[in-house]
Amino acid sequence: MIRLGLCCMFRDQPIRFATTTATSLGRMKRVDALHKLNRLCLENAQALMAALGYCHAHGIGCFRVNSQILPIKTHPESGYAVEELPDGGEVVRLFRECGVFARLHGLRICFHPDQFVVLNSPRPDVVDKSIQELEYQAEVSEWLGADVINIHGGGAYGDKRKALSDFASNLSRLSPRVRSRLTVENDDKTYTPADLLPLCHSEGIPLVYDVHHHRCLPDHLSVEQATEQAIATWNREPLFHISSPIDGWQGAKPERHHDYIDISDFPACWRKKSLTIEVEAKAKEAAVEKLMAELKQKQSG
C-alpha cells in the first residue's frame with residue numbers, strides 16, 4: 001500500500017501555522033513574550049488537528065509537522081520550556097489529542113528538521129544546537145506518536161569518510177527518544193544513497209530515499225537497487241521522498257521542485273510496495289491529491 005504524505009503546510013486550505021520572530025519577542029518583557037508564545041502554541045495544536053482531519057478526509061496518509069510548531073522553541077535568548085508557558089499543560093494535552101486522532105485513523109506523523117541541524121559539523125556550537133533542536137522535536141514526537149525525525153548527512157568538509165565518522169560519533173549524544181526516530185536522507189549535493197548506506201547499516205539508522213536527489217546526484221546504484229537497499233534499513237514502514245524538477249531534467253537547475261509531480265518520475269518499482277512517500281511539491285495538498293488520482297488511474301488502467 002502506498003501512503004502519500006503532505007509536507008508541513010497547505011496551498012488552498014485555510015489551515016495555517018502561526019510563528020513569530022526572536023526580534024519581536026526580544027522587544028517584549030519575558031512574561032508577555034511567554035503569553036504570546038503560549039497563544040501561538042495553542043493555535044498551532046488546533047491547526048495541526050485541522051491538518052490531520054483534512055488528511056484523513058482526503059486519503060492522505062502522512063503529515064510532516066513544521067519544525068516551528070512550537071515557535072522559537074530552541075532560540076538561545078527567546079527559547080523556552082513548555083512548562084514555562086502559562087497553559088503548558090493544555091498545550092501538551094492538545095498535541096497528545098492530535099496523536100490519538102492520528103493513531104485512531106492510521107495517519108503517520110513525521111518531522112524533518114531545518115537545514116541548520118548538522119550532526120557532523122566541525123563547529124561544536126553547531127552540533128550542540130543541532131542536538132538541542134533534535135531533542136525538542138523528539139519531545140513533540142512523543143506527544144504525537146511521530147516515528148521519524150529525518151535529517152541530511154551534513155557536509156563533507158573535504159573528507160566524506162571522516163565527516164560520516166563524526167556523524168556516527170555524535171549519535172551517542174542523542175537521547176533514546178531521538179535515536180529511535182532518527183533517519184538520514186540522501187541529498188542532491190553531497191551524499192548519495194551509496195555514501196549513506198554503510199552508515200545506516202553500521203548504526204542502525206533507516207535511509208529515507210529521495211529519488212529526486214538521487215537523480216540529481218547519482219551513484220552506481222540504480223533507482224531499483226537503491227529502493228531495495230533503502231527498504232532493508234527499516235524496521236517499520238519505509239519512508240521515501242519524491243519531487244519533480246520545475247524546468248524538467250534538462251533544465252539548468254533540476255534540483256528545484258515543481259508545483260506538482262510528473263507521474264513519469266514516480267518509480268514503477270514503488271507501486272506495489274508498502275511505503276510512505278512524502279510529496280515535496282509546491283502545490284502542497286493539490287499536488288498530493290493529483291498524484292493520488294493519477295496513481296489510482298494507472299493501477300486500474
Side-chain angles (χ1 to χ4, degrees), residues 7-8 17 19-26 33 37 64-82 84 110-142 146-200 202-210 213 216-217 233 239 241 255 257 278 280:
C7 297
C8 301
F17 294 93
T19 189
T20 186
T21 66
T23 302
S24 69
L25 292 173
L37 289 163
R64 180 194 295 176
V65 178
N66 188 306
S67 293
Q68 290 296 313
I69 193 77
L70 302 186
I72 319 292
K73 176 71 167 63
T74 61
H75 189 273
E77 284 85 38
S78 300
Y80 53 96
V82 177
E84 292 181 80
C110 304
F111 282 81
H112 192 0
D114 296 324
Q115 296 287 359
F116 68 79
V117 173
V118 183
L119 273 186
N120 67 351
S121 173
R123 290 178 48 186
D125 61 316
V126 172
V127 176
D128 291 346
K129 181 71 167 71
S130 298
I131 292 170
Q132 186 183 12
E133 185 71 11
L134 290 170
E135 294 293 347
Y136 141 58
Q137 295 193 27
E139 179 182 18
V140 184
S141 292
E142 283 194 329
D147 72 321
V148 169
I149 301 174
N150 180 48
I151 63 174
H152 291 281
Y157 308 110
D159 187 340
K160 274 189 184 181
R161 183 172 294 183
K162 180 183 183 304
L164 288 177
S165 175
D166 291 342
F167 183 106
S169 295
N170 285 324
L171 293 175
S172 63
R173 298 180 58 190
L174 302 175
S175 69
R177 68 183 180 186
V178 176
R179 193 69 177 77
S180 64
R181 294 173 169 86
L182 193 72
T183 64
V184 65
E185 174 190 348
N186 62 295
D187 62 78
D188 56 8
K189 301 292 185 203
T190 307
Y191 290 110
T192 68
D195 291 328
L196 295 175
L197 280 163
L199 172 76
C200 293
S202 65
E203 303 300 329
I205 303 173
L207 177 66
V208 171
Y209 176 46
D210 188 309
H213 289 166
C216 292
L217 183 67
T233 65
L239 186 144
H241 290 174
E255 67 273 11
H257 291 179
E278 290 189 317
E280 298 189 322

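We use all heavy atoms of the structure for the numbers below, so side chains are in, but hydrogens, waters and symmetry mates are not.
- Each of Glu135, Glu133, Glu139 was scored for a side-chain hydrogen bond (donor to acceptor under 3.5 Å, both in side chains) with Gln137, with one residue passing: Glu133.
- In this view, His152 satisfies the side-chain hydrogen bond (donor to acceptor under 3.5 Å, both in side chains) rule with no residue, not counting sequence neighbours.
- The side-chain heavy atoms of Leu134 and Ile149, taken from C-beta on, include a pair separated by under 4.5 Å.
- You'll find the side chain of Ser121 reaches within 4.5 Å of the side chain of Tyr157, heavy atoms only.
- When every heavy atom of Ala163 is checked against every heavy atom of Ala156, the shortest pair comes out as CB-O, 3.5 Å.
- Under the 6.0 Å cut-off for aromatic ring centres, His241 and His112 qualify, their centroids lying closer than that.
- Scored by the salt bridge (charged side-chain N to carboxylate O under 4.0 Å, His left out) test, Asp125 finds Arg123 as partners (sequence neighbours excluded).
- A donor-acceptor distance shorter than 3.5 angstrom exists from the side chain of Asn120 to the backbone of Gly153, with no hydrogens or angles considered.
- Rounded to the nearest 0.5 angstrom, Leu196 CG and Glu185 CD are separated by 9.5 Å.
- The two residues Asn186 and Thr192 make their nearest non-hydrogen contact at CB-C, 3.8 Å.
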message = Asn66 vs Thr19, test: side-chain contact (heavy atoms from CB on, under 4.5 Å). Steps then yes/no.
response = CA-CA 10 Å; Asn66 188 306; Thr19 189; over 6 Å; no

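- With hydrogens and angles disregarded, a donor-acceptor distance shorter than 3.5 Å links the side chain of Tyr136 to the backbone of Ser67.
- The closest donor-acceptor contact from the side chain of Tyr191 to the backbone of Gly155 lies under 3.5 Å.
- Under the 4.5 Å side-chain criterion, counting only non-hydrogen atoms from C-beta, Ile205 is not in contact with Thr233.
- Between the side chain of Thr183 and the backbone N or O of Pro206, no donor-acceptor pair lies under 3.5 Å.
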message = Apply side-chain hydrogen bond (donor to acceptor under 3.5 Å, both in side chains) to residues Asp166 and Ser169 and explain how you reach the verdict.
response = CA-CA 5 Å; Asp166 291 342; Ser169 295; 5.1 Å; no

request  = Would you sort out whether Leu25 and His75 count as a side-chain contact (heavy atoms from CB on, under 4.5 Å), showing the intermediate values?
outcome  = CA-CA 11 Å; Leu25 292 173; His75 189 273; over 6 Å; no

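- When all heavy atoms are compared, the tightest approach of Arg179 to Gly204 is NH1-O, 4.3 Å.
- The nearest pair of heavy atoms linking Lys73 to Ala81 is NZ-CA, 4.1 Å.
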request  = With side-chain contact (heavy atoms from CB on, under 4.5 Å) as the test, would you mind laying out the steps for Glu142 and Arg181 before giving the verdict?
outcome  = CA-CA 10 Å; Glu142 283 194 329; Arg181 294 173 169 86; 3.6 Å; yes

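- The structure places CG of Asp195 at 9.0 Å from OG1 of Thr190, a figure rounded to the nearest 0.5 Å.
- With rounding to the nearest 0.5 Å, the separation of SG in Cys7 from CD in Glu280 is 5.0 Å.
- Side-chain contact check for Asp128 versus Arg173: some heavy-atom pair is nearer than 4.5 Å.
- Counting heavy atoms from C-beta outward, Leu207 and Pro193 have side chains that approach closer than 4.5 Å.
- Checked by atom type and distance alone, the side chain of Asp114 never pairs as donor or acceptor with a backbone atom of Phe116 at under 3.5 Å.
- For the pair Ala138 and Arg177, the tightest heavy-atom approach, listed with the atom from each and the gap, is CB-CG, 3.7 Å.
- Proximity of a side-chain donor or acceptor of Ser130 to a complementary backbone N or O of Val126 within less than 3.5 Å is detected.
- For the pair Ile151 and Leu119, the tightest heavy-atom approach, listed with the atom from each and the gap, is CD1-CD1, 3.9 Å.
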message = Assess the residue pair Val140 and Val65 against the criterion (side-chain contact (heavy atoms from CB on, under 4.5 Å)); give the C-alpha distance rounded to whole Å, side-chain angles, the decisive distance to 0.1 Å, and a yes or no.
response = CA-CA 10 Å; Val140 184; Val65 178; 5.6 Å; no

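- Under the 3.5 Å distance criterion, the side-chain polar atoms of Lys129 are left unmatched by any main-chain donor or acceptor of Val117.
- Looking only at side-chain heavy atoms (C-beta outward), Leu70 and Leu37 stay at 4.5 Å or farther from each other.
- Here the side chains of Arg64 and Asn150 are not in contact, with every heavy-atom distance at 4.5 Å or above.
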